[in-house]
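Report on one structure; see the data block that follows.
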Amino acid sequence: MHPVLRTVLQRLGLGIVTLLAVSVIIFSSLEMLPGGYAENVLGQSATPETVAAFKRDLGLDRPATVRYFEWIGNALQGDFGSSYSGLSGSMKRDVSATIAPRLYNTFFLAAMAALIAVPLSLLLGAMAALYRNSWFDRIVNSVTLTTIAMPEFFIAYILVYVFAVKLKLFYPNSTVSIGTPFVEHLYRAALPAITMTLVIIAHMMRMTRAAIINLLASPYIEMAQLKGVSKSDVIRQHALPNAWAPIATVIAFNLAYLVVGVVVVEVVFVYPGIGQLMVDAVSSRDMPVVQACALIFAATYILLNLLADVVSIVTNPRLLHPK
Amino acid sequence: MTEFEMKLKQVTKAVSRGKLSRRDFMSYAMSIGITAAAANTMFATAARAEPKKGGIFKYGSGHGSTTDSLDPATWTNGFNFQFGKSVMGAPLTQLNPKGEVTMHVAESFEPSDGGKKWIIKLRKGITFHNGKTLDASDVVATINYHIGPDSKSPAKEYLPGVTSVKADGPDTVIIELSSGNVDLPYGFTDYHLSMYPATDGKIEWEKGIGCGPYVLKSYEPGVKLVGERNPNYFADTWFDGIEMITISDVAARTNAYLSGEVHFIDRADLKTIDMLKSAPNTEIYNQSGPTPYTAPMLCDAAPFDNPAVRKAIKYAINRQELVDKVLYGYGKVGNDNPIGSQMKYAIDPQPQHTYDPEKAKAILKEAGIENLKVDFSCPPNAAYPGALDAALLMQESAKAAGIEINVIREPDDGYWSNVWLKKPWSMCYWGGRPTVDTMLSISLAADAPWNDTHFKSPRFNELLVQARSELDETKRAAMYAECQQIVHDDGGQIVLMFYNFVGALNTAVAHGELNSDQDSDGGYMVERWWMA
């Protein structure tokens with residue numbers, strides 16, 4: 001078996017174990033939270049009878065272990081169950097059907113932000129390394145550090161105020177529905193995507209810059225310069241190929257953030273993504289939805305990290321033969 | 001009225017019904033000597049005053065969650081309560097702005113046997129959105145859905161003592177109760193009780209098919225609802241369509257309003273209300289509600305089992321300060337009577353419980369209590385926004401009366417199930433209820449599950465039951481007056497303040513007199529408002 005393939009399979013196996021552990025942790029921490037689904041939905045108007053009726057309907061009167069194993073058994077077969085909300089009717093709200101449109105929205109936004117942020121930060125990072133300690137370097141550094149240091153909701157409010165309320169170039173809220181056309185979706189998601197770009201760009205840019213600067217001091221770069229290779233070719237052909245590993249790790253980390261860490265941006269822009277769904281589900285203890293969201297988040301992290309590792313290994317074959 | 005005025009009134013009316021164009025009106029008005037500017041204003045006012053059909057109404061709501069559903073038994077928030085009031089749903093009865101009950105799906109309610117038996121005649125020719133004609137079996141199934149033994153519906157509290165619901169022919173329903181209830185028609189204004197089509201005695205709510213003013217086009221819980229006017233609606237409604245959008249974040253909601261994305265937002269941010277006030281074409285929606293913020297003390301837990309302690313604390317709270325600082329002035333001080341002054345049978349009990357630390361001290365001294373120390377369990381926001389701030393203000397004001405309040409910060413999560421009704425002194429709020437009877441029955445009757453003060457006054461309970469079946473208005477008013485006085489004097493429920501419903505409305509939308517029993521024109525907003 002090819003060593004890269006073997007590593008990937010090993011990692012995937014470990015990933016599944018991690019997912020199981022995550023599901024246990026999430027399930028037990030939700031069990032420990034005060035109040036249950038029935039109490040939370042009914043709020044102040046809960047009476048012992050209505051709460052009992054809810055629990056009976058949802059099967060919540062059974063022990064937690066039974067419920068966990070039943071759920072995990074179904075999940076392994078690809079059935080994430082039904083959301084607790086609206087369960088009493090004849091039309092069940094499938095968790096997968098609930099999550100799918102939200103997940104699409106989240107991935108849409110994440111992809112949009114990534115498509116802007118990743119090339120931009122690589123370019124800026126490489127240029128900052130090339131012209132390090134120049135005015136360009138300093139300005140890029142201070143601007144990106146400022147945007148990462150500001151809370152994301154603050155950036156969001158500033159963007160809304162300037163571009164939506166004052167200039168009226170964009171929509172102030174990004175409500176999209178299942179039937180929203182692609183172009184309108186793109187337009188509505190523009191401000192949140194820019195916000196997220198501003199938040200993640202500094203990390204990736206500075207990592208690129210540091211990795212390249214580190215390499216620029218190595219003897220083989222000096223050799224390349226001495227034999228007369230142009231500045232841009234030094235970076236592209238000699239420095240970057242060796243800098244991919246750390247950069248890929250940081251990019252993977254930020255992409256994961258784009259999927260799982262954007263609930264604040266979603267709330268400010270009223271964007272129906274999965275973060276908002278999970279927060280609502282946690283606060284009402286809608287266990288099947290929370291579990292499914294948590295698994296998706298964990299899987300996102302695991303897969304992206306795996307991808308980063310594969311990139312590192314492929315660009316640096318030494319890693320395939322650990323001593 | 002002169003002939004000239006009569007004529008002018010006639011043409012104004014024609015404008016308001018949309019039968020006369022601006023050009024025709026102007027030429028007429030100017031021909032009788034009215035200046036162009038004045039005529040223009042008159043046209044605009046007249047055109048706005050009478051409802052007319054058309055337009056898409058967009059509403060940015062501070063309520064709604066992804067866990068909401070179309071199941072009427074689960075509706076609890078300010079977004080989905082409107083479903084049953086006037087979106088897809090239509091209940092048997094409605095409330096008018098004066099708080100009186102009016103017939104809606106029902107044509108008449110006839111009591112007999114001292115309110116123990118009611119004969120409900122249904123309006124003929126009502127169809128559901130799927131074309132099915134509404135008949136008595138649908139109504140019976142809808143009511144049973146809420147009051148049945150397996151029901152999870154909070155609507156049970158509005159129909160106390162109902163023992164049987166039967167259809168008598170296609171448009172008559174007979175309801176029997178274990179004890180008389182004169183207020184039954186009021187109970188049916190509740191938003192859970194909107195009518196649904198039934199097959200084999202079971203209602204189908206899953207598709208959102210009702211007989212209300214709007215047909216459900218799409219609904220994503222916690223995101224958006226789109227409705228289209230029901231062309232076969234049996235009453236008047238004006239908008240061609242509605243969009244209800246959940247915008248939980250108050251800054252996002254304000255931005256949506258300011259940029260013209262929505263016509264109306266509820267729960268405006270009181271901290272920045274002046275910005276909304278100065279926005280162009282804006283009317284501040286400000287209705288004083290019958291919705292009290294309370295601080296219930298358990299009357300059977302020490303030290304609140306001593307009436308002197310309860311009375312002293314009532315005098316040790318600076319309620320005006322709470323209204324000014326917690327509600328930014330958008331509210332009214334409470335006087336330990338949970339009945340809002342706009343409700344029928346409401347009284348203002350005397351003496352008014354104002355801030356009087358000296359009096360509080362004197363009451364405690366007389367009862368031989370020194371150094372009163374009490375625990376006060378308070379969530380930051382679960383009972384109402386700013387509950388903890390209110391508690392800290394109360395702590396300060398009570399110091400002057402020699403009462404030491406130990407404010408215990410409780411988590412918002414699980415507050416209603418773990419703290420409220422369990423800790424000796426906590427925070428609470430009550431939504432508006434249509435009648436004095438429901439308001440008192442749910443929160444103060446001895447056997448009520450939500451009697452959050454463990455208030456058990458025999459006289460109060462006796463009056464409450466008697467009044468429910470009393471047909472004589474004067475006697476009934478006297479009974480309710482005594483009830484309210486007892487609660488004010490002796491109860492454990494401190495009514496701190498009544499909050500206002502505050503929102504912002506674009507003047508492109510017009511409305512008549514507003515309901516103040518609940519937010520959004522009592523939930524009738526989408527049915528009763530129109531495009532100016």
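Quick note on labels: first sequence line is chain A, next is B, and so on, each numbered from 1.
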Of the listed A:Lys166, A:Gln276, A:Arg102, the one with the largest count of heavy-atom pairs under 4.5 Å with chain B is A:Arg102
Bottom line for A:Tyr171: the part with an atom under 4.5 Å from chain B's heavy atoms is side chain
Heavy atoms of A:Pro172 and B:Ser259 approach each other most closely as CG-OG, 2.8 Å
(message) Would you say that more than 12 heavy atoms from the other residues, nucleotides or ligands in this model lie under 6.0 Å from the OH of A:Tyr187, or not?
(response) yes
Evaluate whether atom CZ of A:Phe108 has more than 12 neighbouring non-hydrogen atoms of other residues, nucleotides or ligands under 6.0 angstrom away. yes
What one should report as the nearest heavy-atom pair of B:Ala252 and A:Val267 is CB-O, 4.3 Å
>> If you count heavy atoms of other groups shown closer than 6.0 angstrom to NZ of B:Lys202, is the number above 12?
In response: no
Rounded to the nearest 0.5 Å, the OG atom of A:Ser177 sits from the NZ atom of B:Lys217 at a distance of 14.0 Å
Separation between OH (A:Tyr157) and CG (B:Asp249), nearest 0.5 Å, reads 3.5 Å
So, the part of B:Ile247 with a heavy atom under 4.5 Å from chain A: the answer is both
Turns out that what part of A:Val176 lies under 4.5 Å from chain B's heavy atoms comes down to backbone
Cut-off 4.5 Å, heavy atoms of chain B, and the answer for A:Thr175 is side chain
Under 4.5 Å to a heavy atom of chain A? For B:Ser218 that would be neither
Within residues 58-66 of chain B, the residues sitting under 4.5 Å from chain A by heavy atom, in sequence order, are B:Ser65, B:Thr66
The interface call for A:Val160 against chain B, heavy-atom contacts under 4.5 Å, is side chain
Turns out that what part of B:Pro411 lies under 4.5 Å from chain A's heavy atoms comes down to neither
B:Val223 and A:Pro272 have their tightest heavy-atom pair at CG2-CB, 3.7 Å
Take atom CZ of B:Arg409 as the centre, draw a 6.0 Å sphere, and report whether it contains more than 12 heavy atoms from other residues, nucleotides or ligands. no
